[in-house]
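Both counts, for ligands and for their atoms, begin at 1 and track the order of listing.
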Amino acid sequence: MSKSHVMSFVVGAASVGAGLLLMGVPAPKPSPVEPSPRPAIPERSTPSEAPALDSPAPARSPDLPLESGEEESFSYDPIDLESELIEPVPDVETFFEDFLEEDYHEDLVTLGERLFHDPRLSSDNTLSCASCHDLRYGGIDRAVTATGVNGQIGPINTPTVFNAAFNVLQFWDGRAANLEEQADGPPNAPGEMASNWDEITAKLAKDADLVSQLVKAFPKEDFSNGIDPEHLLTAIGEFERTLITPNSPFDRYLKGDDRAVSREAKEGYQLFKDVGCIECHNGTAVGGGSLQVLGRRRSYFKEHAAGVNLGRFNVTGEDEDRYRFKVPSLRNIALTAPYLHDGTQQSLQDVVRVMGAVQLDVDLSDAQVERLVAFLESLTGEYRGMSLDSIQNIENLPSHEPQTEDSE
Ligand code: HEC
Ligand code: HEC
């Protein structure tokens with residue numbers, strides 16, 4: 001037990017980063033748990049260079065020979081942490097204190113962690129959040145699209161829960177304003193957990209141990225008349241705010257450790273800036289800060305006509321939102337194949353090529369792809385002090401304390 005904050009029970013149902021909304025995206029609906037306004041997460045997450053939703057891509061030429069067979073040369077500029085458009089992920093304690101400006105409420109996080117792993121959130125007690133968002137495997141299910149109760153195959157790829165706290169909106173189409181509003185979705189979705197809060201709270205209310213944990217997490221509340229789902233959502237959201245992954249090799253490099261990443265990764269980062277990936281994938285999460293049209297420069301869906309998803313258009317009905325998706329975070333991206341909302345891209349090499357083509361109208365050479373991938377691979381961070389690379393084989397993840405312990 002590192003901390004014993006005595007806290008008011010209202011902990012953030014926060015739309016962390018609602019302030020980051022770029023123009024053109026309608027204000028999200030208020031969350032069912034009444035978010036308190038919160039400062040945008042890292043101010044620098046939306047650099048002025050980031051494109052507005054509809055700005056055409058500035059034509060940048062990578063200034064590199066693209067002919068195959070031709071010898072390519074690569075170089076890179078030294079890091080200037082103050083002006084880079086990617087910031088290191090803070091540790092959990094700093095995130096809560098400096099960015100969320102709230103105390104880390106251990107009982108609430110413990111409760112949220114437990115609920116995240118609780119299959120009673122599904123109708124037949126078979127699926128928990130963690131079934132689809134396995135924390136040992138990058139926070140995903142490693143499938144093309146998700147599988148709900150009774151083996152129902154879903155329509156879309158499962159994004160990671162790691163670093164979702166940095167997302168400006170949740171879901172591929174941004175239809176949830178924050179983590180609490182998002183967590184309200186799967187338990188009620190017929191194709192996912194196929195339950196409802198009446199059923200779930202009735203099951204949980206019979207569990208004395210869980211109820212005592214609820215009382216601990218919300219000391220001012222009275223649970224004698226049953227459980228209010230909003231408390232469950234608040235706890236799950238708060239737990240998810242601890243799912244951030246600091247200390248990747250690239251972050252150590254950003255902070256001045258020149259030996260933390262390979263030369264290829266440094267060249268890859270330079271390319272990432274030069275060809276323009278960073279216009280969309282920037283900020284602390286290297287993404288998550290805006291919604292952008294997939295196929296901005298060349299059509300994506302011409303070649304993927306089978307499972308056309310209209311993206312944000314499904315939410316707003318606005319033409320300009322056709323094929324618009326949340327720019328995913330690229331943190332831990334080496335672990336979260338297959339890629340894109342439709343799960344069509346199996347390897348990082350493939351998805352990087354697709355991105356160059358459809359978003360930037362650039363046909364990347366093999367050598368360029370290799371370097372970009374080396375950079376992306378350096379973005380794998382740590383959860384509870386362990387690299388996400390290496391926690392696959394661990395039966396039980398260590399408890400949630402170590403992150404705060406060391407620094408006290
Ligand atoms: C059946 C598999 C499944 C289950 C169970 C499930 N999820 Fe998900 N999750 C998904 C899929 C698929 C998406 C993307 C859906 C979309 O964008 O339309 C998603 C999206 C999310 C996101 C948004 C991430 C982002 O980048 O936008 C978060 C956060 C999340 N889930 C958390 C949870 C929590 C918390 C639970 C438990 C209450 C849960 N999930 C249960 C499959 C699942
Ligand atoms: C115009 C904005 C934009 C630019 C520029 C851009 N991307 Fe993306 N990127 C997106 C969007 C939006 C998605 C999600 C698309 C989808 O799945 O529907 C995405 C998805 C990805 C993914 C897959 C993420 C996942 O979790 O499945 C990777 C990897 C990626 N981009 C890398 C790159 C690289 C490398 C470049 C530069 C060559 C780049 N992107 C340029 C907007 C952009």
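- Under 2.8 Å from atom 8 (Fe) of ligand 1, one finds the following protein N/O/S atoms: H133 NE2.
- If you number the atoms of ligand 1 from 1 as listed, the ones under 4.0 Å from a heavy atom of T147 come out as 1 (C).
- When non-hydrogen atoms are compared, ligand 2 lies under 4.0 Å from the side chain of L360 (C-beta onward) but not from its backbone.
- The ligand atoms of ligand 1 that sit less than 4.0 angstrom from a heavy atom of Q170 are 23 (C), 24 (C), 25 (C), 27 (O), 29 (C).
- Among L243, V89, I244, the single residue meeting the side chain to side chain contact (heavy atoms under 4.5 Å, CB included) criterion with F162 is L243.
- Residue contacts to atom 8 (Fe) of ligand 2: Q292 brings no N, O or S atom closer than 2.8 Å.
- Looking only at side-chain heavy atoms (C-beta outward), H117 and L135 come within less than 4.5 Å of each other.
- Considering backbone and side-chain N/O atoms, N157 never comes within less than 3.5 Å of an N/O atom of ligand 1.
- Side-chain contact annotation: T158 with D141, donor-acceptor N/O pair under 3.5 Å present.
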Run the salt bridge (charged side-chain N to carboxylate O under 4.0 Å, His left out) test on D209 and R114 for me, step by step, so that the C-alpha distance in whole Å, both residues' side-chain angles and the decisive distance to 0.1 Å come before the verdict.
CA-CA 11 Å; D209 192 51; R114 182 168 172 177; 3.0 Å; yes
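- Both tests hold for R371 against F74: distance to the six-membered ring centre under 6.0 Å, angle to the ring axis within 45°.
- Proximity annotation for atom 36 (C) of ligand 2: of C277, S329, G295, P338, C277 comes nearest, heavy atoms only.
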Where do D361 and R296 land on the salt bridge (charged side-chain N to carboxylate O under 4.0 Å, His left out) test, with the steps shown first?
CA-CA 9 Å; D361 199 15; R296 185 170 67 159; over 6 Å; no
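- Below 4.0 Å from some heavy atom of I156 lie the following atoms of ligand 1, by number and element: 12 (C), 14 (C), 15 (C), 16 (C), 18 (O).
- Formation of a donor-acceptor pair under 3.5 Å by the H341 side chain with backbone atoms of W172 is not found in this model.
- Using modelled atom types and a 3.5 Å distance limit, the side chains of S262 and E264 yield no donor-acceptor pair.
- Looking at N332 and T245, their side chains do bring a donor and an acceptor atom within 3.5 Å of each other.
- For the 3.5 Å distance criterion, the side chains of T316 and D321 qualify, holding a donor opposite an acceptor.
- Nearest-residue assignment for atom 13 (C) of ligand 2 (options G276, P328, G343; heavy-atom criterion): P328.
- Using a 4.0 Å cut-off to heavy atoms of L294, the atoms of ligand 2 that qualify are 15 (C), 16 (C), 18 (O).
- Scanning all heavy atoms of the two residues, the minimum distance from A165 to E240 falls at CB-O, 4.3 Å.
- Close contacts of ligand 1 with I236, meaning ligand atoms under 4.0 Å from a residue heavy atom, involve 35 (C).
- At a 4.0 Å heavy-atom cut-off, ligand 1 touches S128 through the backbone alone.
- Heavy-atom proximity to F325, at under 4.0 Å, picks out these atoms of ligand 2: 12 (C), 18 (O).
- Counting heavy atoms closer than 4.0 Å to ligand 1, residue N167 contributes side-chain atoms (C-beta onward) but none from N, CA, C or O.
- Close approach of ligand 1 to F171 is summarised as follows: ligand atoms under 4.0 Å from at least one heavy atom of the residue are 15 (C), 16 (C), 17 (O), 18 (O), 20 (C), 23 (C), 25 (C), 27 (O).
- Summarising the contacts of atom 29 (C) of ligand 1 with E240, E181, E180, Q152, the nearest heavy atom is found in E240.
- For I333, every heavy-atom contact with ligand 2 shorter than 4.0 Å involves the side chain, none the backbone.
- Within the 4.0 Å heavy-atom cutoff, H281 counts among the residues contacting ligand 2.
- Every N/O-N/O distance between L330 and ligand 2 stays at or above 3.5 Å.
- Using 4.0 Å as the threshold, W172 has a heavy atom nearer than that to some atom of ligand 2.
- Summarising the local packing, CD of Q152 is surrounded by more than 12 heavy atoms from other residues, nucleotides or ligands at distances under 6.0 Å.
- Of the candidates K326, Q368, Q359, it is Q359 that places a heavy atom closest to atom 42 (C) of ligand 2.
- At a heavy-atom distance under 4.0 Å, no atom of D173 approaches ligand 1.
- Any N or O atom pair closer than 3.5 Å counts here, and H341 shares at least one such pair with ligand 2.
- A donor-acceptor contact closer than 3.5 angstrom is absent between the side chains of D350 and Q345.
- Contact atoms of ligand 1 toward M193: 5 (C) (distance under 4.0 Å to a heavy atom of the residue).
- Every atom of ligand 2 is numbered from 1 in the order shown, and the set under 4.0 Å from a heavy atom of V351 is 22 (C), 23 (C), 29 (C).
- Side-chain atoms of Q170 and N167 form a donor-acceptor pair, as typed in the model, at a separation below 3.5 Å.
- The aromatic rings of Y300 and H304 sit parallel, their planes meeting at an angle under 30°, below the 60° perpendicular limit.
- Heavy-atom proximity to L179, at under 4.0 Å, picks out these atoms of ligand 1: 29 (C).
- In summary, the side chains of D274 and Y269 do not present any donor paired with an acceptor at a separation below 3.5 Å, with no hydrogens or angles considered.
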Please report, to 0.1 Å, the donor-acceptor pairs under 3.5 Å made by any side chain of residues 372-380, with sequence neighbours excluded.
residue, atom, partner, partner atom, Å
S378, OG, F375, O, 2.6

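- Exactly one of I79, L81, L254 qualifies for a side chain to side chain contact (heavy atoms under 4.5 Å, CB included) with I86. That residue is L254.
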